[in-house]
Amino acid sequence: MPELPEVETTRAGLEPLLRGRRIVAVRVRERRLRWRLPPSFEAELTGRRIGVVGRRAKYLLIGTDAGTLLVHLGMSGNLRVLPSEAPRLTHDHVEIELDSGRTLRFNDPRRFGSMHFVTGDPGQHLLLRRLAPEPLLPEFDADYLFAATRGRRVAIKVLIMNALIVVGVGNIYASEALFRARLSPRRAAGRLTRAEVGRLVAAIKRVLAAAIKVGGTTLRDYVNADGGPGYFRQKLFVYERAGLPCRVCRTPVRQMTQGQRSTYWCPSCQA
DNA sequence: ATGGGCACCTGGCTGC
DNA sequence: TGCAGCCAGGTGCCCA
């Protein structure tokens, strides 16, 4: 489900509800997430005071006075803060009860999401330490991406979804950024010109920032920390629009498979 | 090193 | 109505 804009929207929504709160109880209904929750999980979190709620790539970093709760939402996960007495839903796997009378609930039907409680610098965790630059920071620029694409024969769509190249760009925004940069998703990464890479970097930054502004994209089940949807779906040019007219030139949008994922593009606008 | 494919899961939709 | 088959916002791991 969530790509960078949806995770960032969740982060921003959680922050005011979590910051400064004390965790009074932790209940795990299902330990079998992407990685099985260890027996120590509940005890490590219980009694902790929550600090900053951060994000790295598509991971949420919920800081506490004794370590960091690392959360990944996978394809279908969401985190919500609800009144503690609110009824539980199927697939509410973890409940973290706060001293505010509310409870942070992790719901994830497919269980591709994960939680880890880590002590020390979370940036050194195995899941984070090798990650590429954040797309919205200045270090992700044309110079960087141009160098990173040289010698690479993979399709540019596949390459920008690789977290060792740049993080946060998932299946929706990869197609959308390539449309906005007027580049065919099939182009070999190493064959892009300097100018084309520049357009792509700008398009990635623009599309992610625009999506964050309206709370991300809700296609099926994504909801933010308040349970509300994101509104970027209305701004999508190609994703899930196969057969519909391109919003720029009216040519039917096409769909294909790359790296076992659907790609959408306009064969006329994107060369 | 690079690229390609699979695996992990549940649920919703389509078509017979 | 039932059921098989396909598809879905991710990513770690294994193989050539």
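To find a chain, count down the sequence lines: A is the first, B the second, and so on, and within it residues start at 1.
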Q: Not counting sequence neighbours, which residues clear side chain to side chain contact (heavy atoms under 4.5 Å, CB included) with A:Ala242? List them please.
A: A:Gln255, A:Tyr264
Q. Can you find a side-chain donor-acceptor pair between A:Asn224 and A:Thr10 that sits under 3.5 Å?
A. no
Q) Are a donor atom and an acceptor atom from the side chains of A:Glu95 and A:Thr103 found within less than 3.5 Å of each other? A)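 No donor-acceptor contact under 3.5 Å links the two side chains.
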Q) Quick one: is A:His72 getting a side-chain N or O under 4.0 Å of the C:dG10 phosphate, OP1 or OP2? A) no
Determine, for [X] against [Y], whether the closest basic-nitrogen to carboxylate-oxygen distance falls under 4.0 angstrom.
X: A:Glu42; Y: A:Arg31; value: yes
X: A:Glu3; Y: A:Lys58; value: no
X: A:Glu196; Y: A:Arg182; value: no
X: A:Asp65; Y: A:Arg22; value: yes
X: A:Glu134; Y: A:Arg55; value: yes

(Q) My understanding is that only one of A:Glu6, A:Glu240, A:Glu176 makes a salt bridge (charged side-chain N to carboxylate O under 4.0 Å, His left out) with A:Arg233; could you say which? (A) A:Glu240
Q: Sorted by first residue and then second, give each ring pair (Phe, Tyr, Trp, His ring centres under 6.0 Å) pair with at least one member in residues 51-79 of chain A; sequence neighbours left out.
A: A:Tyr59-A:His72
Q. With sugar-phosphate meaning primed atoms plus P, OP1 and OP2, does A:Phe232 contact a base, only sugar-phosphate, or nothing at under 4.0 Å between heavy atoms?
A. nothing
Q: Pick base, sugar-phosphate or nothing for A:Arg153, based on heavy-atom distances below 4.0 Å to the nucleic acid.
A: sugar-phosphate
Q: For nucleotides C:dC7 and B:dG5, find the distance between their P atoms and express it as a whole number of Å.
A: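 C:dC7 and B:dG5 have their P atoms separated by 15 Å.
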Q. Distance between the P atoms of B:dC6 and C:dC6, in whole angstroms?
A. 14 Å
Q. Between which nucleotides of DNA chain B, read 5' to 3', does contact with chain A run, using atoms under 4.0 Å from its heavy atoms?
A.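 So the outermost contacting nucleotides come out as B:dT2 to B:dG11.
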**Q.** Length of the line joining A:Leu131:CG and C:dT11:P, which is rounded to integer Å
**A.**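 Nearest whole value for this atom pair: 9 Å.
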Q: Figure out the CG/P separation between A:Asn171 and C:dC7, and round it to whole Å.
A: 13 Å
Q.
What residues from residues 257-267 of chain A pass a heavy-atom cutoff of under 4.0 Å to DNA chain C?
A.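 Heavy-atom cutoff 4.0 Å gives A:Arg261, A:Ser262.
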Q: Examine A:Arg241 relative to A:Phe237 and say whether NZ or CZ is less than 6.0 Å from the centre of the six-membered ring and inside a 45° cone about the ring axis.
A: no
**Q.** Runs of at least three consecutive pairs that involve DNA chain C, where pairs are Watson-Crick or G-U with distances under 3.5 Å
**A.** B:2-8 with C:10-16, B:10-16 with C:2-8
Q: List in numerical order all residues of residues 103-114 of chain A for which some heavy atom is under 4.0 Å away from an atom belonging to DNA chain B.
A: A:Pro109, A:Arg110, A:Arg111, A:Phe112
Q: Group every Ile, Leu, Val, Met, Phe, Trp and Tyr by side-chain heavy-atom contacts under 4.5 Å, then state whether A:Phe179 and A:Met256 land in the same group.
A: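 Per the 4.5 Å side-chain linkage, A:Phe179 and A:Met256 are not co-clustered.
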Q) Between A:Thr257 and A:Arg261, is there a donor-acceptor pair closer than 3.5 Å when you use the side chain of the first and the backbone of the second? A)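 Such a contact is absent between A:Thr257 side chain and A:Arg261 backbone.
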